[in-house]
Amino acid sequence: MDDKFLGPYEPAHTESRIYEAWEKSGYFNPDNLPEELLAHNGKPFTIVMPPPNANGNLHAGHALFIALEDLFTRFRRMQGYRALWIPGADHAGFETQVVYEKKLEKEGRSRFSMDPKDLYGEILAFTLMNKKNMEGQVRALGASCDWSREKFTLDPDVIERVQQTFVKMHDDGLVYRGKRTVNWCPKHQTSLSDVETESVEETTPFYTFKYGPFDIGTVRPETKFGDKYVVMHPDDARYAEYKHGDKLTVEWINGPIEATIIKDEAVEMDFGTGVMTITPWHSQIDFEIAKRHGLDMEQIIDWRGKLLPIAGEFEGMKITEARAKIVEKLASKGLVVSTDEKYTNVVKRCYKCATMIEPQIKDQWFVTMAPLAKMALDAADRKELTFIPEYQEKVFRYWMENALDWNISRQIVWGIQIPAWFRNRNTDTEEIVASLQKPSGDGWEKDTDTFDTWFSSGQWPLITTGFPDGKDATHYPTDVMESGYDLVFKWIPRMIIFGLYLGKKTPFHTIYLHGLVNDANGKKMSKSKGNVINPLDLTDKFGTDALRMGLIVGNTPGTDLALREDKIKGYKNFANKLWNISRFVLTETEGADLSVPLTSVDQELRAELDALIADVTKDLEEYRVYLAAEKIYHYAWHRLADDILETSKPILTGSDAAARASRQNLLRSLLADVLKLLHPFMPFVTEEIWASLMPNQGLLMVTKWPSTKA
RNA sequence: GGGCGAUUAGCUCAGUUGGUAGAGCGCUUCAUUUACACUGAAGAUGUCGGGGGUUCGAGCCCUCCAUCGCCCACCA
C-alpha cells in the first residue's frame, strides 16, 4: 500500500498535481482520446462553456456551472464519446466598460476625456490580465475543458465573423438603421437594450394640470414643454365634441401654445381623465402615437439630462431640479388641478448604475426580431429543444412571442466595431453601407459604435466550433447548453436564433438551467451586502471535490441554492471516507489472486452495485445529476463502508480461503466501480485513489464507464 | 397589471411514470481507537400550506383559496 494513505486525505497535496497530469495527458482534447475508449462509442459530445466575463474573479455561480459542465463532460468522455468542452472568455462589452469606468473614476479620470484608442488599449490590457487570472481559477475547479480550443470574444477571427454576420443580416434585410426610441443612460452615455434596464416600482407625485379645456395627468412635468398634441380615445363620449385635428389655443408653461386634438386608441379611457398630452421624443408610447399620425417630434432633454432651449427660462437645468420649479410655475398660473403624492408607477433604470433611463430618439442599428423569433418558436414546436426544468420553456416562448426589435448599437469603445459606413451623414443625401472594407469613393465615415455583447456571444456555439468550415464543424450542433436560468431570455434565445439563421440547426438540443447560488441564508450575494462567497476560499478549506458535491447534490435545476459551509464540510468528510475505504481495501487485498471466481453471496453483492450503476447511468443520461450524486454517496458510505466492509472483516480473517479470495476480488471490483461512478463528481480524490488501486492502468478520467450489462 | 415558481422533520432541501414519507445538518443514548472520530450503532421528530374533486389508492393528477419568492411590464 502507498504511504500516502497513512494520513487523512489532503486535497491541497493532490489537486494541482492531478490537474497537471490530466492537462499533460492531452485528453481534454477529444482528438487525443485513446482509441480503445472511443471504440465503445466515438460519437461527438460537445458543450460550449458560457464564457465568463474577463473582468474579475469567478464567483460561486461560476463554480456551479463548472461543476455541472465538467460532470457532463467527464461522464460522456468515460462513455467513449469524443467529449469536447470548449472554454472561452467574454470581453463583456458594457459590463467591463462599467467596471473599468469605476476604476477610472477612482483615479480621478474619465473616459469622456480620453482618446478612444487609448481607452480601448487600457481596457484590453485589464481584460487580458483578468482573463489569465480567470483561467487559473477554472483550472483550480477541475475543469476538463480543452484549452487548446479556447476562444476569446475579441480574437481577430471572432471579430471578423461577427462583423460578417452583421453584413449578411443587413443584406438579408434583418438589420435596419432606425430612428427610434432607445433606452438612454445619461451617466454612461450609451443606449441600452431592454434586458439591460430594470424596472423599479416607485412612488412619484402624479400631477393633474389644466390644459385648455382638459385636465391632463403626468408624472413628468419636465417633459411637457413641447406638448402640443392632446390625445384621447376615439370612442370617449366625454370628448365627442372634439374632432381629430381640431386646433385650439391653450395657456401653457411658458405662455399660450396651439394644441392639436389627436384621437388614438392607445389612450385608456378609464385612466385619469382619459386625456393626455404627448412627448414623442421621450416616451416610447408617445412616439408610437406620433408615428401613427405623422406628428412632430422634438427633443426636450439633452443627452446629459438637462433641459434644452425649448424650456425657456428652465434651459440648462437638470431635470431633477426642474420638476418642482415647473410645477411651482404652473401652480402660480392656476394650472395645477391636483397632486396625488402616493401614486406608484414603474421607472426604468440602468441595470449597472441605477440612473433613470431617459427615453431618447436616436439613430441606431436594430435587428428585426419577428421572423427570427418565429424560427426559434418553430424549432420549439418541432421539439428540437428540451428545457430542464421543463417549465422554463414557457419563459422562453413568452419572450419569443413578444420579441421587440433588438437595438444592437452601443456608444462605447469596448467591443466589436459595427462594420458600417456613412456618407453625407444626417443630410438628405445620407448613404449607409454595411461592409467590412471601406467603400470606394471619398467622404466615408466609419460607424464608431460597437455591438451589444450578446450580438457576439449569441453566435458562440457557431464560432467556437467553426461551423460550417472549421475542423470542429462536426461538433455543431452541440449537445447541452448549461447556463443560469436568468439567461433564458437573454443569451439562450439569441444563440438559438443565430444557430438557426446561420447554422440551419438549433445550436444544442438540451438546455440545462441551473439556479442561482445564494448565501447560507438564501440571500442573493452582492458586493454591497458583503455576503459574497469566493469559491476558491471554499476549495482551499474543504477541497474542490467537496465544493463540487456541495453544489451538485440535491440541487435541482432551476432552483436557487443556499450555499452552506456545513454541507460542503460533509462532503469533505466523504472524500476522507472514500480515502479510508480505499486504505482498507488496498491493505486487505494486497497480493490477492484476482482470477478467483466470486461466491454466490459475493455475486449478489456485485449485482447490487450493477443495479445501482444502471440506475445512476440513467439518471445522468437524463440529467438528474442531483439524484445520481446522492445515490452513489449513499451506496459508498452506508452500504459499502458501513455494511459490506464490516461484514467482510470476519471473512478476510477467516479460514475459508475461497471465500476470502472471492471477497478480496469483490471489494476491489466494487471500489473500482464506485471510483468510476464518482469520478465525474469528485474527479481529484477518485483519480488519486485510482492511481494506487489500478497502478499502470492509465488515468481514471479515460477509463471506460462501468457497463450496465450485468 | 401579466407570468412563473414554491409551501414536505428544528434548519436546508430531495421525492424520476400516482402504490400508506426520505437525505444531509442538528438533536438523544450508547460504543472509545477501530480502514476511518473528518467514526460507528440505536433512536426521536412530519394530519407533505388549507378546502374540494378524480382514483381501489394522491406529497405527486384536477380545481379553488391562502402565504412567500422571483421575473416581466409603453396607464400618461
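Residue numbers start from 1 in every chain, and the chains themselves are labelled A, B, ... in the order their sequence lines are given, proteins ahead of strands. All heavy atoms count here, side chains included; hydrogens, waters and symmetry mates do not. This is a predicted model, so every value here is computed, not measured.
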- [ ] Tell me, please, which residues at least two apart from E265(A) pass salt bridge (charged side-chain N to carboxylate O under 4.0 Å, His left out).
- [x] none

Open item on the list: For residues 623-635 of chain A, which residue pairs pass the side-chain hydrogen bond (donor to acceptor under 3.5 Å, both in side chains) check, not counting sequence neighbours?
Closed with: D615(A)-K631(A), D619(A)-R624(A), D619(A)-K631(A), E622(A)-R624(A)

Task: For RNA chain B, the dot-bracket pattern of Watson-Crick and G-U pairs whose distances stay under 3.5 Å, | for other-strand partners - done: (((((((..((((.....[..)))).(((((.......))))).....(((((..]....))))))))))))....

TODO: Could you list the residues that satisfy side-chain hydrogen bond (donor to acceptor under 3.5 Å, both in side chains) with R323(A), not counting sequence neighbours?
DONE: E222(A)

Open item on the list: Which residues in residues 637-649 of chain A have a heavy atom closer than 4.0 Å to any atom of RNA chain B?
Closed with: W637(A), H638(A), A641(A), D642(A), L645(A), E646(A), K649(A)

TODO: Answer with base, sugar-phosphate or nothing: what part of the nucleic acid does K348(A) contact at a heavy-atom distance below 4.0 Å?
DONE: sugar-phosphate

When you compare the protein's N or O atoms with those of nucleotides 16-19 of chain B, which come within less than 3.5 Å of each other, and at what distance?
residue : atom : partner : partner atom : Å
U16(B)  : O2   : R624(A) : NE           : 2.7
U16(B)  : O2   : R624(A) : NH2          : 3.2

Task: salt bridge (charged side-chain N to carboxylate O under 4.0 Å, His left out) partners of E608(A), counting only residues at least two apart - done: R639(A)

Open item on the list: Which label fits Y512(A) and F72(A): parallel for a plane angle under 30°, tilted from 30 to 60°, or perpendicular past 60°?
Closed with: perpendicular

Task: Residue pairs, two or more places apart or on separate chains, that pass ring-ring contact (aromatic ring centres under 6.0 Å, His included) and touch residues 210-233 of chain A - done: Y211(A)-W252(A), F214(A)-Y239(A), F214(A)-Y242(A), F225(A)-F314(A)

- [ ] Please list, chain by chain and in numerical order, all residues satisfying side-chain hydrogen bond (donor to acceptor under 3.5 Å, both in side chains) with E482(A), sequence neighbours excluded.
- [x] H514(A)

Open item on the list: K541(A): which residues meet the salt bridge (charged side-chain N to carboxylate O under 4.0 Å, His left out) condition with it, sequence neighbours left out?
Closed with: E565(A)

- [ ] Applying salt bridge (charged side-chain N to carboxylate O under 4.0 Å, His left out), name anything that partners E202(A), two or more places apart in sequence or on another chain.
- [x] R349(A)

Report each atom pair, protein N/O against N/O of nucleotides 9-12 of chain B, whose distance is under 3.5 angstrom.
residue : atom : partner : partner atom : Å
C11(B)  : O2'  : R564(A) : NH1          : 3.4
U12(B)  : O4'  : R564(A) : NH1          : 3.1

Task: Candidates A76(B), C4(B), G40(B) - which lies nearest the side chain of K394(A) - done: C4(B)

